[in-house]
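Remember, it's a predicted structure, so these values are computed and weren't measured experimentally.
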Amino acid sequence: MDFNRLFLTCPSLRLARPLHSLFIVAGRTGDSLLSTKLLNLYSRLGDLPSSILVFEHSPAKNVVSWNSMISCYVRHGLFSQAVGCFRRLLATPGIRPDAFTFPVTLKACQDLDVAKNMHSLVFKMGFVWNVFVSASLIHVYSRFGSLGNAEKAFGEMPYRDLGSWNAMVSGFCLNGKAVEALRVFEEMIREEVGMDKVTISSILPVCAQLENLLMGMSIHVHVIKRGLNSDIFVANALIDMYAKLDCLDEARRVFDGMEEKDLITWNSIIAGYEQAGNPSMALKLFDMMKECGIEPDILTLVSLASVVAQLGDNRRGRSVHCYVMRRGWDGDDIVVGNAMVDMYAKLTNIKPAQEVFNRMPAKDVISWNTLIAGYSQNGLANEAIETYEYMEKYEGVAPSQGTLVSVLPACSHVGALQQGMRIHGRSIHIGLEVDVFVATCLVDMYAKCGRLQDAMLLFERVPKRSTGPWNAIIAGHGVHGHGDKALGLFSDMQQEGVKPDQVTFVSLLSACSHAGLVDQGRQCFQIMQTTYGIKPATKHYACMVDLLGRAGQLDAAYKFIKSMSLRPDSGVWGAFLGACRIHGNVEMGALVSNYLFEVDPENVGYYVLLSNMYAKVGKWDGVDEVRALVRRRHLQKTPGWSSIEVNKKVHVFFTGNQTHPLYEKIHKEIGILSAKMKSLGYVPDYSFVLQDVEEDEKEHILTSHSERLAIAFGIISTLPRTPIQIYKNLRVCGDCHNATKFISRITEREIIVRDSNRFHHFKDGSCSCGDYW
DNA sequence: CTAGGGTTAG
């Protein structure tokens, strides 16, 4: 019986067991060499209990037997047993660890102190000379983030091979130190150590992180020259690197050229398409992956969650979630839980997002950020702010950059200045005020909360190399009606060499339109295309139509729409309809509404606009017609609401809302104000009442508009002459606009109303917007 | 007969 050969070549457990019996019957168990080979046979075939059995019953164990047993434990992930086995080895008389013992034992180390003890033993026994041992030491130190010790071990090596250098490079990669990793890599090249597939698969992610495409490509060339393509680690790293650097075509070429693909290959290419905003291709590849018989893992599902969110596919979203639950991943992985919250939020299903969040057994700061961002993006600004406060106050979680950029837009949205300022304070405290993204959100927040000067002061101190801060401050001036300032900032931006993007031009064009700067607006539209090569999107066209229409050039606006290279969307026609309404052109308005009701039949706002126009000129049959259409299509008016912040709390009022605790007092105040207003010449304009009711009922409806309630509440709950600032989710009603002029005069208060379109500054009986009603 | 250093995440 040639046990030696049989043990080395035996392919399955089915054959191994009878072989084992024969081995015992033949009385060869005392042969330590053969026993160890049997142990390794079981280890190779994954039968841990049999490996242990052979080891423990072997009467003669040499150091190789011990080493093999330790390896066997490590192979099965039983690290503490491996270390225990090593300790028994040390305690066994006549046995000394050798150079083979340390690499595998160091792999099993689960704590830094154990590793350090091991290091001193290695040193005492003179094994630092062995490159395998030293590389393991470097690696174990890196695993525990102890890069100083890793570098020391590296520096103390009397002789280094390629593997030692690789250990050092990967040590830095493991700890996210891309710059240092690259430094070591470049040193390797200088010292002519060369590189192999291991070096390359470690350094490619660094190229991605440092956005160094050139280095990545030159490494790719080296890979092809040396025929390293076939290494799956290298190919996977190439795919990932190209995908992260927006070279998806190149990533795909590598992917298509691979004869063997594993889970990581598929995950990398799927994530690439997902990140590039091509969810349908990502989904197609996911299906292909399943066809190849590859089982998805957590990372696949994280990408898939984002894919279905981008596709807006609710049905698939639920099945993704079900899959995650079936595999029990929602219980022990925070990342996948966060991905589920994010997916539901992006699918605008905020309830299930909340439920997943609440059921998560462990949460990190990103879980909170995801929920807060989910609320913000779904218009639930108050929930976003409250969740932020809860997170800080009761959970003691410190906000991160992501938290601030999620919660600040919520403050901007409802005009929560005091809350926003508190968060500003917090960001200074944690040193994030200097972060460009946070600072941009702060600029936006101050501007949208009516503090344009503060926004400007902050803007001055922000690093201005990217478009973000510029876009925010230009838009800020735009909504406040300061078109000239916006244009000035735009030229500053150009002077500083910052290349404007499409968002810049949306802000700029809308700034021109709010300020009535027609010629400048036209010019911007030209510059955008000629100087900056930006193709106008429908948003830009909508701004232009708004600009021309608002200025009374309805014919020009109409011609402009007809000349568009894109199919006009509801935003474009909506802008035109708005212009018709401002200039009382009912015929054109009616014509355009037909387009609108076709492109965007669900948007009730347009029906209301047309109906308002008919009512204004007393065409009641027109009003009835629109109303009937709304009923036939089973549409519901978007509920109007206004918010005001008093004592760091945002109060929200809906139209006709009587549930506020101070409702009686608010109602009384409105009565007092109405009387004073009428004595100064205010006449209610019932054309803004769409309901078909009696006169006095109409007046009641106007005085129950949410903006009126919010203003009255502001008056009774703040000191005299305190400026009042409110936010209204829709366009402010024309009658309320007129009424607010009177209220600002009577109460001697500055009243700032931000509606879905712009700011209205009311002071001494007039409004800054100066137009429209 | 036994050994080191490698790729994907919100």
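For A:Asp196 against B:dG6, no side-chain N or O and base N or O form a donor-acceptor pair under 3.5 Å. At a cut-off of 3.5 angstrom, the base of B:dG6 holds at least one donor-acceptor pair with the side chain of A:Ser201.
Among the protein residues, A:Leu162 comes within range of the nucleic acid bases, having at least one heavy atom under 4.0 Å from a base atom. A:Lys107 comes within 4.0 angstrom of sugar-phosphate atoms only, judged by non-hydrogen atoms across all strands, and of no base. The residue A:Gln275 sits close only to the backbone: its heavy atoms come under 4.0 Å of sugar-phosphate atoms, none of a base. As judged by a 4.0 angstrom heavy-atom cut-off over every strand, A:Asp262 is placed among residues making no nucleic acid contact. Among the atoms of the strands shown, base atoms are found under 4.0 Å from some heavy atom of A:Thr36. Residue A:Val335 is in base contact, counting any heavy-atom pair closer than 4.0 Å across all strands shown. Heavy atoms of A:Thr199 sit nowhere under 4.0 angstrom from any nucleic acid atom. Using a 4.0 Å heavy-atom cutoff across all strands shown, A:Ile200 reaches no nucleic acid atom at all.
In the displayed structure, A:Glu395 atom CD is contacted under 6.0 Å by more than 12 heavy atoms of other residues, nucleotides or ligands.
Residues of residues 224-246 of chain A having a heavy atom closer than 4.0 Å to DNA chain B, listed by number: A:Asp231, A:Phe233, A:Val234, A:Asn236, A:Asp240, A:Lys244.
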Q) Does the side chain to side chain donor-acceptor pair (under 3.5 Å) test come out yes or no for A:Arg253 and A:Tyr242, once each step is laid out? A) CA-CA 10 Å; A:Arg253 251 193 291 284; A:Tyr242 279 126; over 6 Å; no
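Which of B:dA9, B:dG4, B:dT2 sits closest to the side chain of A:Phe132 comes down to B:dG4. Between B:dT2, B:dA9, B:dG4, one nucleotide has an atom nearer to the side chain of A:Pro103 than all others, and that is B:dG4. Looking at the side chain of A:Ser71, the nearest of the listed nucleotides B:dA3, B:dG4, B:dT8 is B:dA3.
Residue A:Met157 contributes atom CE, which lies 9 Å from atom C1' of B:dG4 at whole-angstrom precision. As a whole-Å value, the separation of A:Gln209 CD from B:dA9 P is 10 Å. Counting to the nearest Å, the C1' atom of B:dA9 and the CD1 atom of A:Ile264 are 12 Å from each other. Atom CG in A:Asp98 sits about 13 Å away from atom P in B:dG4, given to the nearest Å. Rounded to an integer number of Å, the gap from CG of A:Leu174 to P of B:dG4 is 16 Å. A:Met289 has its CE atom 16 Å from the P atom of B:dT8, to the nearest Å. Atoms CG (A:Asn369) and C1' (B:dA9) sit 16 Å apart, rounded to a whole Å. Distance CG (A:Leu34) to P (B:dT2): 14 Å, rounded to an integer number of Å.
Taking the ring axis of A:Phe357 as reference, the NZ or CZ atom of A:Lys363 stays within 45° of it and closer than 6.0 Å to the ring centre. A cation-pi geometry, defined here as NZ or CZ lying under 6.0 Å from the six-membered ring centre and within 45° of its normal, does not hold between A:Lys197 and A:Phe233.
Without hydrogens or angle criteria, A:Arg160 side chain to A:Trp165 main chain gives no donor-acceptor distance under 3.5 Å.
Ion pairing of A:Lys177 with A:Glu151 is absent here, as no side-chain N (NZ or NE/NH1/NH2) approaches a carboxylate O to less than 4.0 Å. A salt bridge between A:Glu56 and A:Arg88 is present, with a side-chain N of the basic residue lying under 4.0 Å from a carboxylate O of the acidic one. A salt bridge is defined here as a Lys NZ or Arg NE, NH1 or NH2 lying under 4.0 Å from an Asp or Glu carboxylate O, and A:Asp330 with A:Arg359 fails to meet this definition.
In terms of phosphate contacts, A:Ser170 brings a side-chain nitrogen or oxygen within less than 4.0 Å of OP1 or OP2 of B:dG6.
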